[in-house]
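The structure appears below as structure tokens.
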Amino acid sequence: MTRTDLLAGTLDMLVLRTLSVQSLHGYAIAQHIAKSSEGVLKVEQGSLYPALERLLNKGLVTAKWAESPTKRQARYYTITRAGRKLLEQKTEDYDRVALAIARIMGRA
Amino acid sequence: MSAIHGFLHRLRVLFDPESYAREVEREIRFHLELEEMHRRNAGDVEPELAARREFGNPTYTREEVRRMTGFEWLDRIRQDLSYAWRGLRQSPGFTAAIVLTLGLGLGVNAAMFTFLDRVFVKPPGGIAEPQQVRRLYYDQVMRRSEDRRIASTVMRYPHIREITRLADSGAVGIHTSFRDSIAIQVGARIVAARRTLANNAYFGVLGVRPLLGRFFDPIEDRIDTRTSVAIISHSLWRRAFNADPGAVGSVVQIGDHPVTIVGVAGEGFLGIDLDRSEVWMPISNYNTDPPTTPAWYDTYRNNFSVIMRFPTAEAERRFLEPATRAFQGVRIPRYGFDTTGFLRTGPLVAAAGPGTPDREVSVSLRLGGVALIVLLITIANVSNLLLVRATRRGREIAVRRAVGASRVRIFAQLFTESALLAALAGAVAVLLAVWVGSLLRSLLLPRVHWASGPLDMRTGVFALGATLVAGLLVGLAPAFHAWGTDVVSSLKGGAKSARQGRSHARSLLLVSQAALSVVLLVGAGLFVRSLRNVRSIDVGYDVDRTVSVVASAAKQDLSADVARVMPALMERAAAIPGVEAVASAAMAPMRGSSVTMLYLPGRDSVPKMNGARGAYFLNVSPGFFRATGLPLLEGRDFAAADGRGIVVTESMARTWWPGESAVGKCVIRKKREGPCVPVIGVVADVHTMSVLEKERDAWYYVAEPDPDNEREVLLLRADPARHAAIAQIITTEVQRVLPAASQVRVRSMLTDLEPEMRPWKLGATLFTGMGLLALIVAAVGIYSVIAYATSQRTNEMGIRIALGAQLRDITRLVVGEGLRAVGAGILAGVVLSLAAGRLVASLLYGITPRDPGVFIVAALVLGVIGVGASVIPALRAAKVDPISSLRTD
């Protein structure tokens, strides 16, 4: 068990969500998460690629090299059907947990 | 679905890690460039640096990515293997020594395994459910020593009749206990084969079915009328009939009778014994008595054995109890009822049963143990060599530990090395097993037939298992050494402490090698001495120089013809250069004899010798004693071809006429009312049939023409060196005067007696062979360990030399230490040998397993080897230049 495991689940979910909209390369994924959360969530960039590798191993995303808008070769990640299914399930879990916490905290 | 994507990805990374690493590298670089670009656009001062800082440690990222993927353990194994392979290639001599040594030990064991498997474990082929088939044994008290029992499969027919009464008729398989060799004439060819006589139930019990034709029918199964039909084995069918289906129903000649082939047995069935049986004929063919004696099935000749099938142990028990009672109810003439004998069963594999084992088989079992000892020695040796190497690599291992390799990881790498070595040794072992296997087959039990090649599935599995275990054991020593390595002091290097020159593990391995070598040497010495003792047994005749010539024909009895031409043959033979004496006899010495009753005039009873009342005799020609080297002690030889009188042996003379000379006395032969024949001479004692007889029988010789007992064996006396040449000449001569003789056998007495001496010859040869092997391995081991230990102490040696030590002082020092280890080994070995002596005691002859002479010689040999192996490193150490040794690290 490594120290990133606890955050790994959440990070995986965020990455999958990002990719469920469109295929992006690693840098773009990081930017997207940072922008969408208005700077609150900043992915430690060193842990992004290991996370992507993990997703690749589990077959939740696939990767392919393609030309980026800046005419350079970049590795694009695409979510798979299994990835989508897992995302759905993780989102449900997350919602349930968040609701429970909110209830306890009295929505404050 | 996801599984496939993921799996494919991992496979790709596994098979091409370098290119994937480059991809990840590109990806990270791309990321950094973008980040840099963004920061520059945002007006950062040092965009590159900031980008890097933002990203974190790329090396860490790379490592993490790498760690995530692939089958990590597989990756590690691949790494370890390539590293090990490189390491082995760097020191090819060392590697070769280890691989060969270990391969030798493993190969010899694999070969012995095949052999022992065949003799003790593997059931005969072509039989259904062989574990249910059991041999019946008669467990009885030995006739001449009341306190010993033996179990034998050989039974008398009247007993078997009782057994058959109790069981279903189809459940008792009867067969002859020994196979006889026959010559079959198929068309124009004559083929040799071995034959068993059996009843139809024999095949039923074994579950063997005919491939062609049928087995015996009820008429042929009757024992009182002889029917000449035969069943042949599949292999004989192929060999002699070229697999022609017309073989069934054809008529062949066996001996001098026409025999009809009625069936071919299923493939793979060759009888139930170690030697192959290819012909089966009905039991009614067992008829060796002249027509005047009672029918053979009512006589008490021992020549049959019984097999039965018992599906459960319960069924067996239920049969054995009443069967034993029935057995004990059979009255044996001149003996009465045997109330202490009982029936028991044993497995189909006879060697594993309760019967007395063949001496050769017992020796083979001991040799299996010897092979194991050799393996242990080679493992100890190789462990030592690897340990020495590991010590040399101490610094390399320390460095690896220092940069963070876990002990487990280093262990794994060292074990991989050992495993690789063991695997290579295994390959060598397989090759060796095939070669040694064929060698063993011709030496050990040559009459055994081998159903498969020297290497079959079971041996393969054994070899694999042994290789794995060997690899594991061999890797232990260096692994444990690496475990205990102190990182700091190894890295420091510097003056090697004297402590590193000694190592408990090394000494222990050395001592155990020496001890085991002593055990083998003692074993070899005991067997060699036994062989010498057996060889030097005096059987009366001159075994080395006596040659017998026997002429025979496949289809007819040549006795009368041979006897007719014998005088001419004897004349011719005497003229052959190198022949010192010529004679003839009814049978070759110790190959046969006749027996009669003898009576003394005026006395009712006669002395018994060796428990028997009759006496053995042989019809010989004058000059027989000179030709066979039997010393004439008193009186004279026979005068002419029909001389009256008999010549007795020494102990017969002593027993029958104690205190007086036998010459001049007379005996009555055969019938009480017959003439009293004078004793004209006394010769030295002889053995009757075997080299190992302890008691003498009563023996005498006659020289009389007797149409029932023709002198048809020609005997020559010649120097062994000329035997081959003489054999050729006499064979041609015999065939010239006797064209009908299709076979002329010329053999020295030594060859005739060879099978009896084989077990000791075997033991001596193989024990000595393996002992020498072990000695070489041990010598190499001692040398390498002492050489290494001494090389570690070059500093110390340098100082000693600088302080004035001479060559002999250094030599004494090094050799002394070597001898100490070897000495401890010798001591341990002697103790081990004394303890294990019990295991071979029954196989020795004329020597106890504690014979001091053998032990002393073994200790001396090993001591000399130890000194020799230590001297070379000692001399090298003495030549060290003190100044350069003190300077170097």
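Here is the naming used below: chain letters follow the sequence lines, and residue numbers restart at 1 for every chain.
Both the backbone and the side chain of Glu35(B) come within contact range of chain A, with heavy atoms under 4.5 Å apart.
Trp85(B) CH2: 12 or fewer foreign heavy atoms inside a 6.0 Å radius. In the displayed structure, Tyr94(A) atom OH is contacted under 6.0 Å by at most 12 heavy atoms of other residues, nucleotides or ligands. Applying the 6.0 Å contact sphere to CD of Glu88(A) captures no more than 12 heavy atoms from other residues, nucleotides or ligands. In Arg39(B), the CZ atom is crowded: over 12 heavy atoms of neighbouring residues, nucleotides or ligands sit closer than 6.0 Å.
Once rounded to the nearest 0.5 Å, the distance linking CZ of Arg29(B) with CZ of Arg72(A) reads 11.0 Å. Distance check: Leu48(A) CG to Ile28(B) CD1 gives 10.5 Å after rounding to the nearest 0.5 Å. Note that the CD atom of Glu53(A) and the CZ atom of Arg10(B) stand 9.5 Å from one another [nearest 0.5 Å]. Rounded to the nearest 0.5 Å, atoms CH2 (Trp65(A)) and CD (Glu23(B)) are 6.0 Å apart. We find the NE2-OG1 distance between His9(B) and Thr62(A) to be 10.5 Å, quoted to the nearest 0.5 Å.
Heavy-atom proximity under 4.5 angstrom to chain B picks out His25(A), Gly26(A), Tyr27(A) from residues 18-27 of chain A.
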Exercise for review: Determine, stepwise, if the pair His5(B) / Lys58(A) fulfils side-chain contact (heavy atoms from CB on, under 4.5 Å).
Suggested key: CA-CA 8 Å; His5(B) 280 143; Lys58(A) 294 194 193 143; over 6 Å; no
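Taking all atoms of both residues into account, the shortest heavy-atom contact from Gln73(A) to Phe30(B) is O-CD1, 3.7 Å.
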